[in-house]
Amino acid sequence: MGKPPGLYAPLVRETIADLYRNPPLEERLTVKGWVRTRRTTRKVSFVELQDGSTLKALQVVLPHEGISAERIEKELHTGAGLAVWGTLKATPDRPQPFELVAEGYELYGPADPETYPLQKKAHSLEFLREIAHLRARTRTFQAVFRIRSGVSFAIHQYFQERGFVYVHTPILTPSDCEGAGQLFQVTTLPLQNVPKHPDGRVAYEEDFFKRPAYLTVSGQLEGEMLAMGLSKIYTFGPTFRAEPSHTPRHLAEFWMIEPEMAFYDLAMTMDLAEDFLKYLIRHTLRHFAEELAFLTERYEPSLLAELENTKESAFLRLSYTEAIEILQKSGKNFQFSTEWGSDLQAEHERYLVEEYAQRPVIVYNYPKAIKAFYMRENEDGRTVAAFDVLFPRIGEIIGGSQREERYDKLLQRMQEVGLDLFAYEHYLDLRRYGSVPHSGFGLGLERLLLFLTGMTNVRDVIPFFRTTDQMA
RNA sequence: GCCCGCUUAGCUCAGCGGUUAGAGCAUCUGGCUGUUAACCAGAGGGUCGCAGGUUCGAAUCCUGCAGCGGGCGCCA
């Protein structure tokens, strides 16, 4: 065995990605990684080494005269972690541009082939969900998680370049944002023996916050408070919903991006949303060509073409009323109503995006009755300045609105839907003092990633998923 | 929450009332003059998700349960 001699120590190029960027041919170096596959012939063995820095592997040649075949066969199985040293040689007549001719290696950790679940063959995504702690060893998840990292960076970059302030809104909150959506309650009260008043009410004065507390379902209300001083802000953090939704598009814990802008009206906000999405697509195409090529070949043949197409096309904007007319004239037999006033269902959205427009669609000015209390009422008195961005394959990817900045209108609306006004005093204060027009939207990171990676289940674009009944 | 489907070897699957349940890959053994998810030969590996029922006979049909997946609703 033995450690690499001292002359190898100062390594300039450590990762396999570095080797491909600028191959130090004929140099002696050490590379560290995990075995993807091994092939053995009479005189030499070949190991494909991966280290997660690129989807490409480094071919390592292990001559049996230097390293015994028995040791290689015993130790170097798929999944084993090791350091290997030798000389990088060009191989112009082989599929790969170069290979490492090894002088020795040190095994860090073996992977017993009898029990190690991953093989050099492809596995189903469903199987990999059962071993989420090992998924990062597959190229698929390396590609997906690297794109997730890159697009997260691009989100910050986009807003920072445009003067938005990144604000951290609380994860623990005293109330529900929209009076809807199911909350995870957070408590330090003992569940086996909850202290109660004589009349049966929970004695919250004994709880940690001396009142009920929940995990946030949205940072929007706090985002508005900060935008009313900083003008343009955005949030980017985890969000929690205790909805028992069992679909490939819902998570109990997911990441949301919520910009909020003072002095923006609905049209400006729709422009921002469209520009933002195209920026993220362009960034991903520019920086993750290798990953996108892999995912296109492996999972979604139309992925690359769809990204290219979307980044060029102007999103089709339809008012809700226009959308309803289009649906009514479509000649389609929809399961759900297309009467004015009914909400657009998945089948309607799919028709608008995939058949009618064949590109992303923004629907705006929805009926007041089917939207949240904080959305700004339009002049017609029956619609609100809300919009949804609908994408092919995904459906709704962004939901946003201009907020109701008029105190009387907001108060009236809150009373109509029966909100506890006391809990929203601070929110109402924003309308009492220096209230100005403002708007914002929410983008679900995982849904965006479905579009960017060609994956079809949000459980496959977040490292450890939480859904009803499941914690990976 | 409602509806549908699937569950057979470590993995991906075939078998769909009739001998002792199969294939590819993986594993192990042997071979191969440098392989490209190498190749060639051989071997081991299964209470056919669990429980009950129908039948001369059940992996196969029925019922219940569980796990997983999908559609719808809700949304991001």
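Order of the sequence lines fixes the chain letters, A, B, ..., with proteins taken first and strands second; residue numbering starts at 1 for each chain. Worth saying up front: this structure is predicted, and the values here are computed from it rather than measured. When reading the values below, keep in mind they use all heavy atoms of this one structure, side chains included, and skip hydrogens, waters and symmetry mates.
- Between the CZ atom of A:F46 and the P atom of B:C32 there is a distance of 16 Å, rounded to whole Å.
- For A:R249 and B:C72, the shortest distance from a side-chain N or O to OP1 or OP2 is below 4.0 Å.
- The pair A:E26-A:K89 counts as a salt bridge, with a side-chain nitrogen and a carboxylate oxygen less than 4.0 angstrom apart.
- Ranked by how close their nearest RNA chain B nucleotide is to the 5' end, A:F127 and A:L251 are led by A:F127.
- To the nearest whole angstrom, the two P atoms, one in B:A14 and one in B:G24, are 16 Å apart.
- Rounded to whole Å, the separation between the C1' atoms of B:C48 and B:A37 comes to 29 Å.
- Atom pair A:F98:CZ and B:U36:P shows a separation of 20 Å (rounding to whole Å applied).
- Atoms CD (A:E73) and C1' (B:U35) sit 14 Å apart, rounded to a whole Å.
- Distances shown here put every side-chain N or O of A:S245 at or beyond 4.0 Å from the OP1 or OP2 atom of B:C74.
- In this entry B:A51 has B:U63 as its Watson-Crick or G-U wobble partner, both defining distances falling under 3.5 Å.
- The phosphate of B:G73 (OP1 or OP2) has a side-chain N or O of A:Q345 nearer than 4.0 angstrom.
- In this structure, A:L448 places its CG atom 11 Å from C1' of B:A76, rounding to the nearest Å.
- Pairing of B:A9, defined by two Watson-Crick or G-U wobble distances under 3.5 Å, is not identified with any nucleotide.
- Nucleotides B:U35 and B:G71 place their P atoms 45 Å apart, quoted to the nearest Å.
- Atom name C1', nucleotides B:A58 and B:G69: the rounded distance is 26 Å, in whole Å.
- Rounded to whole Å, atom P of B:G24 lies 18 Å from atom NE2 of A:H123.
- The same atom, P, is picked in B:G10 and in B:G44; the two are 16 Å apart, to the nearest Å.
- Dashed line: the shortest gap from a side-chain N or O of A:Q335 to OP1 or OP2 of B:G71 is not under 4.0 Å.
- Rounding to whole angstrom units, CG of residue A:D112 and C1' of B:C11 are separated by 16 Å.
- Comment: A:D51 does not engage A:K32 in a salt bridge, judged by the lack of any side-chain N to carboxylate O separation of less than 4.0 angstrom.
- No hydrogens or angles were tested; on distance alone, a donor-acceptor pair under 3.5 Å links the side chain of A:R447 to the base of B:C75.
- Separation of the P atoms belonging to B:G73 and B:C65 is 26 Å when rounded to the nearest angstrom.
- Scanning atom types as modelled, one donor and one acceptor separated by under 3.5 angstrom connect the side chain of A:Q59 and the base of B:U35.
- Not one side-chain nitrogen or oxygen of A:H348 sits closer than 4.0 Å to the OP1 or OP2 atom of B:C72.
- B:A23 sits 14 Å from B:A9 when the P atoms are compared, rounded to a whole Å.
- Taking side-chain N and O atoms only, A:Q470 has a distance below 4.0 Å to OP1 or OP2 of B:G69.
- In terms of phosphate contacts, A:R129 brings no side-chain nitrogen or oxygen within less than 4.0 Å of OP1 or OP2 of B:G67.
- One donor-acceptor pair, N or O on each side, does fall under 3.5 Å between the base of B:U36 and the side chain of A:Q96.
- Across all strands shown, A:T40 has heavy atoms under 4.0 Å from base atoms, whether or not it also approaches the sugar-phosphate.
- Neither OP1 nor OP2 of B:U36 sits under 4.0 Å from any side-chain N or O of A:R36.
- Contact annotation: side chain of A:E99 to base of B:G34, donor-acceptor pair present below 3.5 Å.
- If you check B:C2 for Watson-Crick or wobble pairing at under 3.5 angstrom, you find it paired to B:G71.
- With rounding to whole Å, A:Y351 atom OH is found 21 Å from B:C72 atom C1'.
- As rounded to the nearest Å, B:A43 and B:G22 have P atoms that lie 13 Å from one another.
- For the pair A:R38 and B:A37, the criterion of a side-chain N or O lying under 4.0 Å from OP1 or OP2 is not met.
- Using a 4.0 Å heavy-atom cutoff across all strands shown, A:H246 reaches at least one base atom of the nucleic acid.
- Distances shown here put every side-chain N or O of A:R350 at or beyond 4.0 Å from the OP1 or OP2 atom of B:G71.
- The distance between atom CD of A:E114 and atom C1' of B:C28, rounded to the nearest whole Å, is 7 Å.
- Residue contacts for A:Y116: at a heavy-atom cut-off of 4.0 Å it reaches no nucleic acid atom on any strand shown.
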